[in-house]
Every structure is written in C-alpha cells, then in structure tokens.
Amino acid sequence: MVDSDFKTKVLPVSKKLLRFAVRFLKDEDEAKDVVQDVFLKLWQKKEELEQIENMEAFAMRMTRNRCLDILRANKVVPIDAETDRKMKQETIDVHSQIELNEAAGQIKTLIEQLPDLQQKVMHLRDIEQLEYEEIAERTGLQVNAIRVNLSRARKKVRDEFLKLNSNGNERSKILTATLF
C-alpha cells in the first residue's frame, strides 16, 4: 500500500475510530492515544494491508482490542473466578451497547432517506406504536396502503443496513438478526 492509498483508505475512518474509543474508554485524551496507536500499527503494516477486504472493520477491531487492553490494564485483578466472569460479561455488554448505538444511528439515517410517505408510516407504526387504523385516520390512507408502504420501507431499510454491514462476520449477522 502506497502513501496515497493509506490516506484515502485508512485516514478517513479516524473520526469514527475516535468516537468508538471515547465511548469505550470515557476519556477523550486516552481515546486519541488509542487511535494514534492504531494508525501507527497500520502504517507499520501498510504492505500487508492490501489483503484486508474491509479496512474500516479491521481498524475498528484494532481499536476495540487496544481499548480492551487499556481497560484490563487499569482494572484490579479479580479475586475469584466468579468476579472474573462478571468482569468479562460487563466488557461484552459495553461492546454490544456500542454496536447497537451505532446501528441505531445508521438506521435513523437510512429512514431519513426514504420517501416522505414511507418515513411517516414507519414512524407512526414503529416509533409511536400506533395501530393501522389510527395511522389511517392520521394519514387518510387505506389500511392496505399503509401495510404496503410499511413493508417496503422496512425492506429498504433492512437491505441498505445489510449492505452497510455486510462484512460477513458472525457478530454482524447476529446484530442484524437482533434488529430485524
């Protein structure tokens, strides 16, 4: 990988990596250090990066691992196996929550790209939890038209979300199954 490829493929994800690290560590300065460490490691391995299919996912994984290393280094050694198990579960829960928050942001953006009618129907049904008859009263649409628009909107959001997150790993598939 040459310098220009590194600038176009790796450096654009820096803000996303920083947000991810800040959420993990709850300390912006430490998060900046983590992102800098990740970029340094990527730069040192720039010849090997040609084989990486999804650079963003690879950098996110490196950032996550570095954050976990820091969190583990700052924690007191657990006294027994039960305490150790609880600590590992908390780390997994934090990571899952971060993934869900990012997925929610992506879904919100995808919904905003839908046609107005589909946006409105999806909002009334999925956010406000209104019944089809109530949506019909508010919009003046037939119940069948509401169902069709809602189905198309959900399918479009789901398909676009899968395109954005189709890095093929098992965790991505589980997240998609959880949301849809």
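Only heavy atoms go into these numbers, but all of them, side chains included; no hydrogens, no water, no symmetry mates. Keep in mind it's a predicted model, so treat the numbers as computed, not measured.
The shortest distance between side-chain heavy atoms of Leu110 and Leu164 falls below 4.5 Å. Within the 4.5 Å cutoff, side-chain heavy atoms of Leu42 are placed close to those of Phe58. Using a 4.5 Å heavy-atom cutoff, the side chains of Val22 and Asp27 are not in contact. Proximity of Leu141 to Leu117: side-chain heavy atoms (C-beta onward) are separated by under 4.5 Å at one or more points. Residues Glu102 and Lys16 have side chains in contact (heavy-atom distance under 4.5 Å, counting atoms from C-beta outward). Looking at Val13 and Met55, their side chains never come closer than 4.5 Å, going by heavy atoms from C-beta outward.
To the nearest 0.5 Å, atoms CG (Asn101) and CZ (Phe20) are separated by 11.0 Å. Going from atom CG of Leu18 over to atom OG1 of Thr63 covers 9.5 Å, rounded to the nearest 0.5 Å. With rounding to the nearest 0.5 angstrom, the CD1 atom of Ile111 is 12.0 Å from the CD atom of Gln106. Distance CD1/Ile146 to NZ/Lys120: 10.5 Å, rounded to 0.5 Å. Atom CZ of Arg125 and atom CG of Asn149 lie 14.0 Å apart (nearest 0.5 Å). Once rounded to the nearest 0.5 Å, the distance linking OG of Ser14 with NZ of Lys32 reads 11.5 Å.
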- Message: Would Lys41 and Asp37 count as a salt bridge (Lys or Arg N to Asp or Glu O under 4.0 Å) here? Give the steps.
- Response: CA-CA 6 Å; Lys41 285 181 183 179; Asp37 289 347; over 6 Å; no
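Although no hydrogens or angles enter the test, the distance criterion places no donor-acceptor pair under 3.5 Å between the side chain of Ser151 and the main chain of Arg147. Judged by distance alone, the side chain of Lys26 and the main-chain N or O of Arg23 form a donor-acceptor pair under 3.5 Å. Checked by atom type and distance alone, the side chain of Glu134 pairs as donor or acceptor with a backbone atom of Glu131 at under 3.5 Å. Using a distance-only test at 3.5 Å, with no hydrogens or angles considered, a donor-acceptor pair links the side chain of Gln129 to the main chain of Asp126. Between the side chain of Gln119 and the backbone N or O of Glu112, at least one donor-acceptor pair lies under 3.5 Å.
Placement of Val148 and Val121 in two distinct hydrophobic clusters is found when ILVMFWY residues are connected by side-chain heavy-atom separations under 4.5 Å, directly or transitively.
In this structure, Arg64 forms no cation-pi arrangement with Phe24, as its terminal cationic atom is not both closer than 6.0 Å to the ring centre and no more than 45° off the ring axis.
No more than 12 heavy-atom neighbours from other residues, nucleotides or ligands sit within 6.0 angstrom of CD on Gln142.
Considering only residues two or more places apart in sequence or on other chains, Glu128 meets the side chain to side chain contact (heavy atoms under 4.5 Å, CB included) condition with His123, Leu124, Leu130, Arg138.
The heavy-atom pair separating Val38 from Ala59 by the smallest distance is CG1-O, 4.2 Å.
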